[in-house]
Undergrad: 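I have a structure here, written as structure tokens, and I will follow up with some questions on it.
It should be emphasised that the depicted structure is a prediction, and the values quoted were computed from it without experimental measurement.
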Amino acid sequence: MAATMGDDGLHKEDWFSITFRDIAEDIAAAREEGKRLAIVFEQRGCIYCKKMHEDLLSDPEVRDYIRENFKVVQYNMFGDEEVTDLDGEALTEKTAARKWGYVFTPTIVFLPEAAPEGDATVAKAAVATMPGAFGKWTFLHMFQWVREKGYEGDEHFQKYHARKLDELRQQGRLAGE
């Protein structure tokens, strides 16, 4: 399945949110919708971004879970659109990526339910970051772990993922096993 390509060379999902890229406002808007904010950094020609769109986001189980639980905003790793960080600093997408230390695409950044007070940046406020495209279950489980606030508990993501894989295995849902 071919993903739709935007004028900026990034793959597009019709359910991604178009915002003014003010992170605090986007966190609040997501919360009002009963969702969490996730920012996805991509770049033109990224083969892993293509894989994410064509193999993962086209899977109804993955897509539907993310659509129902997350407000996803797409950023261009080398883009010039204006972004307002949580500390109020106005940046471009590319200077935001540098400031926050994101160097891989895709990188998905999961934000807290409420914007922190003070001089926090997106990188400091993020509850989890997923650099790269993974297989279906790792990808989906990260979204589930964040939605379930696993980062607040004692079960590290890797333990959560292993437990969820065991449950899928018992249900006979893991292909090739």
Side-chain angles (χ1 to χ4, degrees), residues 1-6 8-19 23 26-27 30-31 33-77 93 96-97 100-113 122-123 125-177:
M1 176 178 172
T4 303
M5 187 68 68
D8 57 3
L10 304 185
H11 299 84
K12 303 295 179 184
E13 300 294 336
D14 61 5
W15 50 273
F16 278 6
S17 296
I18 306 296
T19 72
I23 307 299
D26 289 350
I27 289 171
R31 188 176 60 248
E33 295 172 25
K35 298 180 179 185
R36 296 291 297 271
L37 178 64
I39 297 171
V40 59
F41 276 92
E42 299 185 49
Q43 68 176 305
R44 178 186 299 271
C46 170
I47 60 172
Y48 302 108
C49 300
K50 180 179 180 183
K51 173 184 168 36
M52 177 181 71
H53 286 274
E54 292 183 356
D55 296 348
L56 300 170
L57 298 178
S58 67
D59 182 309
E61 184 173 11
V62 174
R63 180 192 61 234
D64 293 349
Y65 183 84
I66 296 170
R67 284 174 68 167
E68 290 169 16
N69 294 287
F70 289 85
K71 180 180 190 74
V72 180
V73 180
Q74 183 181 58
Y75 282 45
N76 182 341
M77 177 77 70
E93 294 163 291
W100 302 333
Y102 304 138
V103 296
F104 293 104
T105 56
T107 290
I108 301 175
V109 184
F110 299 93
L111 281 301
E113 290 181 301
V122 163
V127 298
T129 304
M130 183 168 41
F134 294 89
K136 173 182 178 173
W137 299 118
T138 306
F139 191 80
L140 179 58
H141 291 162
M142 177 57 88
F143 279 90
Q144 292 171 338
W145 185 76
V146 169
R147 183 68 181 170
E148 295 169 19
K149 299 182 189 174
Y151 53 86
E152 290 181 351
D154 293 331
E155 188 177 38
H156 187 277
F157 172 72
Q158 293 299 330
K159 297 285 186 185
Y160 174 90
H161 178 50
R163 179 172 57 80
K164 297 290 271 185
L165 286 176
D166 283 343
E167 291 170 9
L168 290 166
R169 195 172 289 110
Q170 290 170 10
Q171 297 166 9
R173 293 195 61 208
L174 289 184
E177 291 192 328

Undergrad: Among residues at least two apart in sequence or on other chains, which ones pass side chain to side chain contact (heavy atoms under 4.5 Å, CB included) with Tyr151?
TA: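 For Tyr151, the residues satisfying side chain to side chain contact (heavy atoms under 4.5 Å, CB included) (neighbours in sequence not counted) are Arg36, Val127, Trp145, Val146, Lys149.
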
Undergrad: Decide side-chain contact (heavy atoms from CB on, under 4.5 Å) for Arg31 and Lys35; before the verdict, give the C-alpha distance in whole Å, the side-chain angles of both, and the deciding distance to 0.1 Å.
TA: CA-CA 5 Å; Arg31 188 176 60 248; Lys35 298 180 179 185; over 6 Å; no

Undergrad: Once side chain to side chain contact (heavy atoms under 4.5 Å, CB included) is applied, do any residues pair with Thr107, and if so which ones, sequence neighbours excluded?
TA: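 Here the qualifying residues are Phe41, Tyr102, Phe104, Val109, Thr129, Pro131.
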
Undergrad: Could you tell me how the ring of Phe70 sits relative to the ring of Tyr65: parallel (under 30°), tilted (30 to 60°) or perpendicular (over 60°)?
TA: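 Because their plane-to-plane angle lies in the 30° to 60° range, the rings of Phe70 and Tyr65 count as tilted.
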
Undergrad: Is a donor on one side and an acceptor on the other found under 3.5 Å between the side chain of Glu33 and the backbone of Asn69?
TA: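 Absent.
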
Undergrad: To the nearest 0.5 Å, tell me how far Gln170 CD sits from Glu167 CD.
TA: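 Between atom CD of Gln170 and atom CD of Glu167 there are 7.0 Å.
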
Undergrad: How would you list, by chain and number, every residue that makes a salt bridge (charged side-chain N to carboxylate O under 4.0 Å, His left out) with Glu61, sequence neighbours excluded?
TA: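 For Glu61, the residues satisfying salt bridge (charged side-chain N to carboxylate O under 4.0 Å, His left out) (neighbours in sequence not counted) are Lys136, Arg173.
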
Undergrad: Taking the side chain as C-beta and beyond, is there a heavy-atom pair between Trp15 and Val72 under 4.5 Å?
TA: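 Yes, their side chains come closer than 4.5 Å.
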
Undergrad: If you take all heavy atoms of Ala30 and Leu37, which pair is closest and at what distance?
TA: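 Heavy-atom minimum between the residues: CB-N, 3.8 Å.
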
Undergrad: What heavy-atom pair brings Leu165 and Leu174 nearest, and what distance separates the two atoms?
TA: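 Looks like O-CD1, 3.7 Å.
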
Undergrad: In Å and rounded to the nearest 0.5 Å, what is the CD to CH2 distance from Gln144 to Trp137?
TA: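 Here the rounded value is 8.0 Å.
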
Undergrad: Ignoring hydrogens and geometry, is there a side-chain-to-backbone donor-acceptor pair from His161 to Phe157 under 3.5 Å?
TA: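 The answer is no, because no donor-acceptor pair under 3.5 Å joins these two groups.
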
Undergrad: Identify the heavy atoms of His11 and Cys46 that sit nearest to each other, and give their distance.
TA: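 Answer, listing the atom of His11 first, then Cys46: CE1-O, 4.5 Å.
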
Undergrad: Considering residues at least two apart in sequence or located in another chain, which fulfil the side chain to side chain contact (heavy atoms under 4.5 Å, CB included) criterion with Asn76?
TA: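 Expected list: Asp8, Leu10, Phe78, Glu93.
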
Undergrad: Any chance you could measure Met142, atom CE, to Ile108, atom CD1, to the nearest 0.5 Å?
TA: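 If we round to the nearest 0.5 Å, Met142:CE and Ile108:CD1 are 9.0 Å apart.
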
Undergrad: Verify the distance criterion only: is there a donor paired with an acceptor across the side chains of Glu42 and Thr105 at less than 3.5 Å?
TA: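 There is no such pair between these side chains.
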
Undergrad: Just by distance, do the side chain of Thr138 and the backbone of Phe134 share a donor-acceptor pair under 3.5 Å?
TA: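 No.
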
Undergrad: Run Phe139 and Met52 through side-chain contact (heavy atoms from CB on, under 4.5 Å) and show every step you take.
TA: CA-CA 9 Å; Phe139 191 80; Met52 177 181 71; 3.9 Å; yes

Undergrad: Between Phe143 and Val62, does a side-chain contact (heavy atoms from CB on, under 4.5 Å) hold up when you go through it step by step?
TA: CA-CA 9 Å; Phe143 279 90; Val62 174; over 6 Å; no

Undergrad: Of all heavy-atom pairs between Cys49 and Gln43, which one has the smallest distance, and what is that distance?
TA: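 Nearest pair, atom of Cys49 first, then Gln43: SG-N, 4.1 Å.
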
Undergrad: Closest heavy-atom contact between Tyr160 and His141?
TA: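 Looking at all heavy atoms of both residues, the closest pair is CE2-O, 3.5 Å.
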
Undergrad: List the residues meeting salt bridge (charged side-chain N to carboxylate O under 4.0 Å, His left out) with Arg147, not counting sequence neighbours, and say none if there are none.
TA: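 Applying salt bridge (charged side-chain N to carboxylate O under 4.0 Å, His left out) to Arg147 gives none.
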
Undergrad: Determine whether Thr4 and Glu13 satisfy the following criterion, side-chain contact (heavy atoms from CB on, under 4.5 Å), listing intermediate values before the conclusion.
TA: CA-CA 7 Å; Thr4 303; Glu13 300 294 336; over 6 Å; no

Undergrad: Check this for me, if you would: do Arg163 and Asp166 make a salt bridge, where the nitrogen-to-carboxylate-oxygen distance has to be below 4.0 angstrom?
TA: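 Judged by the 4.0 Å cut-off on N to carboxylate O distance, Arg163 and Asp166 do not form a salt bridge.
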
Undergrad: To the nearest 0.5 angstrom, please state how far the CG atom of Asp64 sits from the CG atom of Asp59.
TA: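 The CG atom of Asp64 sits 9.0 Å away from the CG atom of Asp59.
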
Undergrad: Which residues satisfy the salt bridge (charged side-chain N to carboxylate O under 4.0 Å, His left out) test with Glu68, sequence neighbours excluded?
TA: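 For Glu68 there are no salt bridge (charged side-chain N to carboxylate O under 4.0 Å, His left out) partners, ignoring immediate neighbours.
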
